[in-house]
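Computed from heavy atoms alone, side chains included, the values below leave out hydrogens, waters and symmetry copies. By convention in this document, chain letters (A, B, ...) are assigned in the order of the sequence lines, proteins followed by strands, and residues within each chain are numbered from 1.
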There are 2 protein chains.
Amino acid sequence: MKNRRLFWSIVERIEKLIDSGQYPPGSRLPPERELAESFEVSRPTIREAIIALEVLERVEVKTGSGVYVLEHKKQNTEHVISAFELTQARALVEGEAAALAATTISEEELARLKQTLVEMEKGINPDAADKEFHLIISTATRNNAILMAVSEFWKLRDSSPSVKVAYKGVCSQSDEKRTEEHMDIYKALESRDSQAARAAMHHHFNRLINALFEASEAKALEEVRRQTSQTRDLYSLSHLVS
Amino acid sequence: MKNRRLFWSIVERIEKLIDSGQYPPGSRLPPERELAESFEVSRPTIREAIIALEVLERVEVKTGSGVYVLEHKKQNTEHVISAFELTQARALVEGEAAALAATTISEEELARLKQTLVEMEKGINPDAADKEFHLIISTATRNNAILMAVSEFWKLRDSSPSVKVAYKGVCSQSDEKRTEEHMDIYKALESRDSQAARAAMHHHFNRLINALFEASEAKALEEVRRQTSQTRDLYSLSHLVS
DNA sequence: TAAACAAATTGGATTTACCAATATTTTCAA
DNA sequence: TTGAAAATATTGGTAAATCCAATTTGTTTA
């Protein structure tokens with residue numbers, strides 16, 4: 001990592017100064033020559049760092065005037081989303097996706113679903129098989145908006161460290177249950193039964209939510225347990241008609 | 001526009017060369033010195049342009065080796081999503097969101113919902129009131145993953161020209177119906193009735209889907225009408241239990 | 001033939017210099 | 001005294017030359 005070019009470290013240092021509040025949005029950065037001196041690098045290096053910050057939309061350069069700090073508009077990835085929220089959302093969306101897919105899924109997609117079940121039983125990379133299973137169903141809805149939403153959920157799961165560790169502890173200890181539930185979903189889709197598919201998907205995620213709660217409760221103290229119970233109520237699927 | 005710094009125009013010219021296929025992903029760009037000569041600018045300017053392209057993740061710089069073109073991963077994931085797909089997806093997700101929100105929505109949020117109804121009745125910027133209405137409900141789910149999904153749907157609607165025109169013709173001619181349906185959803189939420197909220201939301205979008213079909217059918221020829229009917233079946237909400 | 005060395009290539013960084021746009025100060029006239 | 005115009009200083013924009021370090025390539029040598 002130390003082979004990174006020099007200007008990247010300057011970018012980091014300037015970003016730190018901005019984030020620390022030393023240069024709030026709207027304020028002007030010191031002139032390039034001063035920055036070069038204080039960072040003990042040459043002016044071209046400072047310029048490169050400023051250009052990088054400009055491309056990153058953190059600063060704005062006004063010729064002859066100076067470099068100004070922009071309002072940091074956070075990317076939408078800044079949502080703080082817990083494993084519970086994510087699982088509940090997946091239950092709702094993928095439940096409906098399964099119900100939809102039951103009427104639109106092709107034979108070829110059913111075959112591919114079956115393949116993921118085999119892979120999962122063998123235990124070779126079961127997480128990849130899991131992901132493929134759910135994405136095949138989303139694709140089978142013939143609705144790209146739903147596919148997009150489910151894909152975003154997976155992106156979230158793969159990118160959020162906290163979600164990843166939460167799932168890690170839960171999935172590994174119940175691989176056989178996961179496989180069973182996938183099988184139930186598959187059977188419902190195979191028989192083109194929308195309501196059964198939705199119910200099976202809900203059952204799948206409901207077990208996951210409860211497992212998440214048990215895992216988190218195991219770590220929690222006695223006092224917070226009551227709070228957790230209230231939270232469990234918030235994320236339960238009891239409001240569902242099925 | 002004319003005051004743009006020089007290196008931005010170099011960025012554009014290099015991007016054009018990449019997009020034209022002259023420098024496909026994986027290939028190496030000419031050395032900085034050559035680029036400087038061919039673009040008739042100095043080497044520092046070329047370096048600045050390359051740094052900008054690097055920040056934009058279009059190229060990768062390997063010290064001592066060269067500048068390599070990266071696979072251009074489109075951030076938009078330009079899914080082609082039709083107004084029908086979007087509406088169906090919104091129906092499913094926002095239907096569940098309404099059902100969830102019925103048990104978690106606050107008095108303050110109910111008051112804000114009512115405010116959007118008033119604004120919509122007055123006819124002052126009804127589309128903004130519409131958007132706010134749906135986002136308040138999504139927020140009231142206390143689930144940021146659902147809020148994120150619904151926000152993405154709105155982003156899609158606002159950014160896709162084809163979807164925008166499809167909605168345009170439908171919403172304007174039925175403002176009073178939209179207001180009525182919003183009122184029904186509001187009442188269900190106010191009485192904390194999950195199933196009624198879901199049903200009202202489904203009814204809202206079901207009417208929208210049918211209106212979209214009528215609008216598209218009006219433009220369609222007699223021969224394609226049969227196809228359209230099949231499509232309508234694909235996007236209907238008949239698979240829903242409610 | 002293969003490993004080791006040497007040279008050429010290429011990007012990395014600095015210094016210096018000068019230009020152009022902008023901001024500030026000074027000057028001078030009303 | 002005041003206000004506008006002009007001079008000056010500041011600041012970013014671009015260029016050229018120079019040296020360094022990493023990589024690649026070609027040649028030599030064991």
Check ion pair B/Arg178-B/Glu181 (N to O, under 4.0 angstrom): no
Position toward the 5' end of DNA chain C (nearest nucleotide), B/Glu32 or A/Arg43: B/Glu32
Decide if atom CD of A/Glu37 counts as having more than 12 heavy atoms of other residues, nucleotides or ligands within a radius under 6.0 Å. no
Output yes when B/Asp158 and B/Lys164 qualify as a salt bridge under the 4.0 Å nitrogen-oxygen rule, no when they do not. no
Examine C/dT14: is either OP1 or OP2 under 4.0 Å from a nitrogen or oxygen in the side chain of A/Ser42? Give yes or no. yes
Whole angstrom is fine here: how far is it from CD1 in B/Ile51 over to C1' in C/dG11? 11 Å
Atom CH2 of A/Trp8 and atom C1' of C/dG11 are separated, to the nearest Å, by 16 Å
Report the residue (B/Pro30 or A/Thr45) whose heavy-atom-nearest nucleotide on DNA chain C is the more 5′ of the two. B/Pro30
Write down the distance between CZ (B/Arg47) and P (C/dG11), rounded to a whole number of angstrom. 9 Å
Given C/dT14, D/dG12, D/dT24, which nucleotide is nearest the side-chain atoms of A/Val67? D/dG12
Note: for B/Glu48 and B/Arg33 on DNA chain D, the residue whose nearest nucleotide lies more 5' is B/Glu48
Separation of D/dA21 C1' from B/Lys62 NZ (nearest whole Å): 17 Å
Pick the nucleotide of DNA chain D nearest each of B/Tyr68 and A/Pro31; which residue has the one closer to the 5' end? A/Pro31
Counting only N and O atoms by type, is there a donor-acceptor contact under 3.5 Å from the side chain of B/Glu109 to the main-chain atoms of B/Ser106? yes
